[in-house]
Amino acid sequence: MKQLKERIMHDGRCFEGGILKVDSFINHQMDPRLMMAMAEELVRRFSGSGINKILTIEASGIAPAIMAGYLLEVPVVFVKKKVPSTMENMLTTEVYSFTKNRSYTVCVSGDYLHRGDKVLFIDDFLANGNAAKGIIDLVQQAGAELSGMGFLIEKGFQQGGDLLRGEGIHVESLAIIESLDNCQIKLKE
C-alpha cells in the first residue's frame, strides 16, 4: 500500500535489534485518515470471505480492526492481555511478545467468539507470528473458522509470514519490510 509505505519511509524510525518504530502514526499517536485507508484496503483484500467477526489483540490492533469492522458492519472482539476477574466462559492461550521479551496469558470470552464464526484477525505487526499463533489457538478452541489474517506491517525478514502462509492461511500485509540492517529501512516493492 503506497500511502503506508511512504509514511514508513518518512516517519518510521529504526532501532537496533530489528525494531521499527511507527508510534507517530500507528501505535501511539494515530493518523485516522491513514488508519481508515488501511482498513479500506484490508476490507478490499478480504472481500468475499464471508467474515462475520473481526478479532484483534490489544492494544495496537484495535484501531484498524474497529475501522474495518465499521466498514464491514461486523463486531470487533479484542483479545485481552490481562485476565479479568469478571470474564465468564474464558478461552486462554499463551503468547510470547518479541517487543516486551515476555509471555502473556491472553484471553477472550467464548460468549463473543462462537462455533461457526468466520473470523478475520487484524494486527499492526507480523514478525515471528507469536500473536497470530495464539489467535489461531483461540479460534480453534471456540470452533470458529479463521478466514484470514491482515497486518499493517510485516517484517519479511522474520519467519512469521512464511509460517502462516505455509499453513495455508490467507495472509495480507499492507507493507513488508525486507530489512532493517544497519538501521536502514528497506521495503519490499
Side-chain angles (χ1 to χ4, degrees), residues 1 4-5 8 18 20 22 26-27 35 38-69 71-72 74-81 91-99 103-110 112-179 187-189:
M1 181 179 166
L4 174 58
K5 290 176 180 181
I8 290 168
L20 176 64
V22 291
I26 288 182
N27 54 20
M35 201 64 69
M38 292 185 294
E40 289 169 344
E41 181 62 17
L42 287 169
V43 166
R44 185 189 70 75
R45 292 186 187 192
F46 288 100
S47 68
S49 299
I51 294 158
N52 72 328
K53 191 150 300 171
I54 294 177
L55 198 59
T56 190
I57 191 163
E58 63 181 358
S60 298
I62 294 174
I66 285 177
M67 291 193 164
L71 294 169
L72 288 170
V74 300
V76 176
V77 178
F78 69 89
V79 173
K80 295 178 176 262
K81 287 185 179 173
L91 306 172
T92 64
T93 194
E94 291 293 312
V95 171
Y96 177 77
S97 169
F98 172 80
T99 310
S103 289
Y104 294 90
T105 297
V106 299
C107 62
V108 66
S109 172
Y112 305 124
L113 184 61
H114 308 115
R115 177 170 304 285
D117 278 341
K118 294 187 107 185
V119 177
L120 171 61
F121 173 64
I122 294 178
D123 205 3
D124 60 342
F125 274 95
L126 171 58
N128 291 311
N130 295 318
K133 290 178 210 166
I135 295 302
I136 292 166
D137 184 35
L138 292 173
V139 168
Q140 289 173 342
Q141 287 181 51
E145 177 186 331
L146 183 64
S147 294
M149 297 188 145
F151 300 93
L152 305 183
I153 301 169
E154 177 180 338
K155 292 181 177 178
F157 57 90
Q158 292 181 311
Q159 80 262 8
D162 291 340
L163 261 165
L164 297 174
R165 290 179 185 98
E167 291 180 18
I169 297 169
H170 179 186
V171 175
E172 295 285 345
S173 298
L174 301 182
I176 299 177
I177 307 297
E178 273 191 354
S179 168
L187 291 166
K188 182 177 181 182
E189 291 301 320

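Across A175 and K5, no two heavy atoms sit closer than the pair CB-CG, 4.0 Å. Listed here is the closest heavy atom pair of A127 and Q158: CB-OE1, 2.9 Å. Scanning all heavy atoms of the two residues, the minimum distance from L91 to A142 falls at CD1-CB, 3.8 Å. Annotation for S147 and S49: closest pair OG-O, 3.8 Å, computed over non-hydrogen atoms. Summarising the geometry of I54 relative to G69, their closest heavy-atom pair is CD1-N, 3.3 Å, with the distance given to 0.1 Å. Across all their heavy atoms, A68 and A39 have their closest contact at N-CB, 3.6 Å.
Side-chain contact between R45 and L174 is present, with heavy atoms from C-beta onward closer than 4.5 Å. Side-chain contact between I177 and L187 is present, with at least one heavy-atom pair separated by less than 4.5 Å.
Of the listed residues (L72, V76, V77), just one forms a side-chain contact (heavy atoms from CB on, under 4.5 Å) with K53, and that residue is V77. Here the rule is side-chain contact (heavy atoms from CB on, under 4.5 Å) with L138, and of V95, V79, L146 only V79 fits it. Looking at I136, L55, D123 one by one, the single match for side-chain contact (heavy atoms from CB on, under 4.5 Å) with M149 turns out to be I136. When the options L164, I176, I122, D124 are evaluated for a side-chain contact (heavy atoms from CB on, under 4.5 Å) with F151, the one that passes is L164.
To the nearest 0.5 Å, atoms NE2 (H170) and CG (L120) are separated by 9.0 Å. Remark: I135 CD1 to T93 OG1 distance equals 9.0 Å, nearest 0.5 Å. For the atom pair OG of S173 and CG of L42, the computed distance is 9.0 Å after rounding to the nearest 0.5 Å. Here F46 contributes atom CZ and F121 contributes atom CZ; the two are 11.0 Å apart, rounded to the nearest 0.5 Å. Between E154 atom CD and F125 atom CZ the span is 11.5 Å, to the nearest 0.5 Å. With values rounded to the nearest 0.5 angstrom, K133 atom NZ is found 7.0 Å from N128 atom CG.
Between the side chain of Q141 and the main chain of T92, a donor-acceptor pair closer than 3.5 Å is present. No side-chain donor-acceptor contact under 3.5 Å links K188 to the backbone of G156. Between the side chain of K81 and the main chain of E58, a donor-acceptor pair closer than 3.5 Å is present. Between the side chain of D162 and the main chain of Q159, no donor-acceptor pair closer than 3.5 Å is present.
The pair R44-E40 does not count as a salt bridge, with every side-chain nitrogen at least 4.0 angstrom from each carboxylate oxygen.
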Stepwise side-chain contact (heavy atoms from CB on, under 4.5 Å) test for L4 and I26
CA-CA 10 Å; L4 174 58; I26 288 182; 4.0 Å; yes
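Within a 6.0 Å sphere centred on CZ of F157, other residues, nucleotides and ligands contribute more than 12 heavy atoms.
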